[in-house]
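First up is the structure itself, then whatever we jot down about it.
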Amino acid sequence: MNQAKPIKASNFIEKFINEDLEQGIYQTICTRFPPEPNGFLHIGHVKAVMIDFGTARKYNGICNLRFDDTNPNAEDDEFVESIKNDIHWLGFDWGDRLYFCSDYFASLYEIAVRMIKNGVAYVDHLSKEEIRDYRGTFTVPGRDSPYRNRSVEENLMWFEKMKKGCLAEGECVLRAKIDMQSPNLNMRDPVMYRISYTPHHRTGSEWCIYPMYDFSHPLSDALEGVSHSLCSKEYEDHRPLYNWFVEQSGLEHKPRQIEFARIHVSNALTSKRKIKKLTELGLVEDWTDPRLVTVAGLRRRGYTPEALLNFIEAAGVAKADSVVDIEMLEHFIREDLKEKSPCVMAVLRPLKVTITNYPEGEIEYLEADNNPKNPVMGRRKVPFSRTVYIDRADFKMDPPKKYKRLAPGLEVRLKHAYFIKCNEVIRDAQGEITELLCTYDQQTKSGSGFKGRKPNGTIHWVDTGTSQHIEVRVFNNLFKPGQEDSSNLETAVSPDSRVILPNARIECNFLDINVNDRYQFIRDGFYVIEKDSEQPDKTIFNRIVSLKSTWKKK
RNA sequence: UGGGGCUUAGCCAAGUUGGUUAAGGCACCGGACUUUGACUCCGGCACUCAUAGGUUCAAAUCCUAUAGCCCCAGCCA
C-alpha cells in the first residue's frame with residue numbers, strides 16, 4: 001500500500017514511522033504486543049496494548065499478539081488466557097495472528113547453529129558466578145572467557161549436547177561473541193541459551209535449552225515481519241544488541257525498535273512483581289482485586305474499556321519518567337459513566353424519617369428521570385409514603401454555615417418529591433439519633449413548578465417499604481498517602497482501603513439489576529454490581545469512584 | 001564511576017526547519033446556573049521552558065558548561 005500522504009503523527013513514535021514510510025523503508029506497518037505469560041495485565045500494559053494495537057490500526061497495518069514464553073520457570077497457561085481475555089475486553093483483536101515465541105524454538109535453534117558456524121557464538125563452561133566476574137563492571141572492562149575461542153566443531157558438539165539433555169542445568173551456556181570491552185554491558189557476550197529442565201507450559205519437555213530475551217525477541221520480530229518493535233525505555237540499551245542479532249541471523253526482514261516511557265499512576269502499583277507480592281501476602285484477594293490497577297481489577301471495580309483508553313490517550317506517549325495523578329484516571333471513568341449509567345437513589349447509612357402530616361397507609365408514585373442528561377434512558381416511578389430513609393450524612397444537629405442539607409428547623413427537597421422540614425429529633429437511650437419527625441409541603445411536589453421559596457438543598461432518600469437491602473463496598477486508595485513505593489507493603493497498605501457498608505438501601509423499583517451494570521448513586525458516586533461468589537443471591541455494589549466533591553470547608 | 005536516556009505549571013503533555021500574547025487535559029481557585037454541594041457554562045491559573053553563560057534583530061527551540069533524576073553489571077523479560 002502506498003502511503004502518499006503521511007498520517008498525522010500524534011506522538012514521536014508515529015513521527016518515526018512516518019519518516020520510515022516516506023523513505024520507503026517499510027511499506028506496511030506491523031507491530032506486536034509481546035507479553036510474557038507470567039501475570040495479569042495492568043494499567044501499564046494497557047498503554048502498551050494501545051500503542052501496539054492502536055498504532056497498527058491507525059496505519060491500517062496489523063498487530064501480532066506474541067507471547068514471549070521463553071522462561072518455563074515463570075509462565076503459565078492461566079496467564080495466557082487472562083491476557084487474551086483482557087485484550088479483547090479492551091477492544092483489540094489480533095485476528096489469526098496469535099503467536100508464541102515457543103513456536104520458533106526450532107528456527108531459533110537453527111539460527112544459533114548457523115551463528116556458531118559463522119564464529120559469532122560459543123559455548124561457555126564458565127559458572128554463573130565466573131561469568132559475572134568476567135563481565136567486569138561499569139568502569140572495568142570485561143575479560144574474554146577461556147572458552148571464547150573454541151573451534152566451531154567443539155562449539156557445535158557442546159551445543160548439540162546441551163540440546164540433547166546430556167548436560168546439567170548451569171553447566172554451560174551459549175553466548176554471542178561480540179565485545180567484552182564494550183562500554184555497553186549488554187554487548188559483553190550476552191547469553192543466548194541456557195539449560196532448564198523445568199517443563200514448559202506449551203512445549204513440555206521437548207526442549208531443555210531456552211533462548212534468552214535478547215536473542216529471541218529481535219528474531220521473533222524479524223520472523224514475523226514486524227516493522228516496528230515498540231517497547232519501553234529500559235530496552236534502549238539493548239537496541240544495539242537487537243540490531244546485532246537481526247544482522248547476524250541472516251534474516252532478510254529488519255525490524256526497528258523504538259522505545260517509550262512506561263506509565264506510572266500515583267497511589268497505585270504498576271509493577272507486576274509488587275502486585276504479585278501483594279497477592280502472595282494476602283493483602284489483596286488476588287490479581288482481580290478491585291483495589292488493584294490490573295485490567296481485571298479495574299474491570300471488576302467497574303471501569304469501562306473506553307475510560308481506560310481515554311485515560312491512556314490523555315496521558316500521552318513520551319520518553320520522560322512520569323507519574324500520572326490517579327485523579328486523571330478517575331476523571332475519565334466519571335466522564336464515561338456520566339451519561340451512560342442510570343441515576344438512582346440509595347442511602348449508605350439509613351436514618352428513618354417520618355413525615356407526620358403525610359396520610360398513613362398512602363403510597364404515591366413519583367416520576368424520576370433515569371438520567372437527566374440523557375432522556376433516552378427514560379423515566380421510572382418512585383414510590384413515596386409516610387416513612388422514608390435518608391442518609392445520616394445528610395442530617396446534622398448543628399449545621400455549619402452554607403450547609404445545604406437537613407437540620408432541625410431547616411427545609412430541604414427530597415429529590416423527585418417534596419420539601420420536608422425537620423421538626424423533631426428522636427434519640428434512643430444511648431443518645432443516638434434514631435429518627436427524624438418532619439412535615440412535608442404538598443404544593444412543593446416535584447414537577448409542580450413551585451417557586452415560592454428555596455429549599456436548603458436537595459437530598460436523596462429511599463422508601464422504607466419498598467427499598468432493597470444491599471451491601472456496598474467502598475474502595476479507597478490501597479496505600480496510605482505517599483506509601484505506594486514503600487518496600488514494606490504490609491505497612492503501606494491502608495486498613496481503610498476497603499470499607500463494607502452492610503446496611504445500605506437502594507430503590508428497588510428501577511429496571512432489572514444485572515451483574516456489571518453501573519449506577520450513579522445521587523451525590524455519592526458511581527457503582528457497579530457484583531455478585532458474591534459464595535452467596536450468589538447477595539447483591540454487592542462496588543464503588544467505582546466518588547463524585548467530585550462533597551462538603552468543602554470554607 | 002563507564003554507557004544509555006530524561007528535565008516545559010501541583011500532575012501529565014504539545015511545541016524543538018529559531019520569529020507576534022508557550023496548545024490541550026487533570027487538579028486547583030473565582031463566578032453563573034441547578035430538583036445531585038454533581039453536571040454544565042464563563043473566567044483565572046508558566047513575563048517563562050533544570051541552571052549558568054554565549055550566538056542572534058529575535059531562542060523553550062542553536063552552541064558551551066553545570067546540576068538533578070531514571071535505566072544497565074539475571075543462565076528474567
Side-chain angles (χ1 to χ4, degrees), chain A residues 10-11 34-36 38 68-71 73-75 101 124 126-128 131-133 135-142 169-175 182-188 190-196 209-210 212-214 216-217 231-240 259 261 263-264 266 272-273 310-311 313-332 334-335 338-339 343 345 368-369 372-373 402-405 412-419 444 446-447 450 455 457-460 520-525 546-552:
Chain A
S10 52
N11 58 244
E36 181 187 16
N38 67 345
D68 252 351
D69 54 348
T70 57
N71 180 4
N73 294 297
E75 297 146 8
C101 187
D124 196 343
L126 250 29
S127 70
K128 191 184 278 195
I131 285 183
R132 187 192 306 135
D133 185 44
R135 185 155 34 224
T137 66
F138 293 145
T139 47
V140 179
E169 285 188 14
E171 198 171 329
C172 58
V173 293
L174 184 70
R175 292 231 257 169
S182 173
N184 181 347
L185 301 213
N186 295 117
M187 300 300 271
R188 317 238 266 229
V191 172
M192 292 165 65
Y193 271 95
R194 78 287 212 182
I195 300 168
S196 172
I209 54 172
Y210 292 90
M212 300 290 289
Y213 168 89
D214 282 314
S216 69
H217 201 91
C231 62
S232 46
K233 273 204 309 182
E234 63 265 33
Y235 294 107
E236 275 178 320
D237 283 344
H238 297 242
R239 199 190 323 136
E259 312 84 9
I263 192 170
H264 299 279
S266 65
K272 216 187 254 181
R273 211 198 94 246
N310 290 340
F311 164 70
E313 186 167 35
V317 180
K319 290 193 74 169
D321 297 318
S322 62
V323 182
V324 181
D325 202 316
I326 198 163
E327 295 251 27
M328 189 134 119
L329 211 207
E330 297 180 342
H331 164 80
F332 283 98
R334 282 191 199 97
E335 183 178 81
K338 198 157 58 194
E339 293 185 15
C343 306
M345 295 191 289
D369 290 312
K373 296 283 180 201
K402 292 189 179 176
Y403 187 68
K404 292 186 65 177
R405 306 183 191 184
V412 295
R413 173 180 288 285
L414 291 179
K415 177 87 177 162
H416 306 306
Y418 301 93
F419 287 12
T444 60
S446 176
F450 176 79
T458 301
I459 64 174
H460 52 165
Q520 301 178 39
F521 286 6
I522 295 169
R523 186 184 291 134
D524 194 63
S546 60
L547 250 27
K548 273 292 281 293
S549 65
T550 50
W551 163 248
K552 269 183 267 178

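A note on names: the letters A, B, ... follow the listed sequences, proteins ahead of strands, and every chain is numbered from 1.
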Write down the distance separating the C1' atoms in B:C49 and B:A9, rounded off to the nearest Å. 10 Å
In terms of heavy-atom contacts, does CD of A:E313 have more than 12 from other residues, nucleotides or ligands at under 6.0 Å? no
Separation of B:C72 atom C1' from A:D237 atom CG, nearest Å, is 5 Å
Taking CZ from A:R239 and C1' from B:G3, how many angstroms apart are they, rounded to a whole number? 13 Å
Applying a 4.0 Å non-hydrogen cut-off, can you work out what A:L126 is touching in the nucleic acid: base, sugar-phosphate, or nothing? base
Is the closest side-chain heavy-atom distance between A:E330 and A:K548 below 4.5 Å? no
Does A:K338 put a side-chain nitrogen or oxygen below 4.0 Å from OP1 or OP2 of B:U40? yes
Hey, is the side chain of A:K402 poking within less than 4.0 Å of OP1 or OP2 on B:G37, counting only N and O atoms? no
To the side chain of A:A320, which of B:C70, B:C6, B:A27 is closest? B:C6
Side-chain N or O of A:R405 closer than 4.0 Å to phosphate OP1/OP2 of B:U36: no
It should be established whether A:S266 places a side-chain nitrogen or oxygen under 4.0 Å from OP1 or OP2 of nucleotide B:C11. no
Indicate, with a heavy-atom threshold strictly under 4.0 Å, whether A:V140 touches base, sugar-phosphate, or nothing. nothing
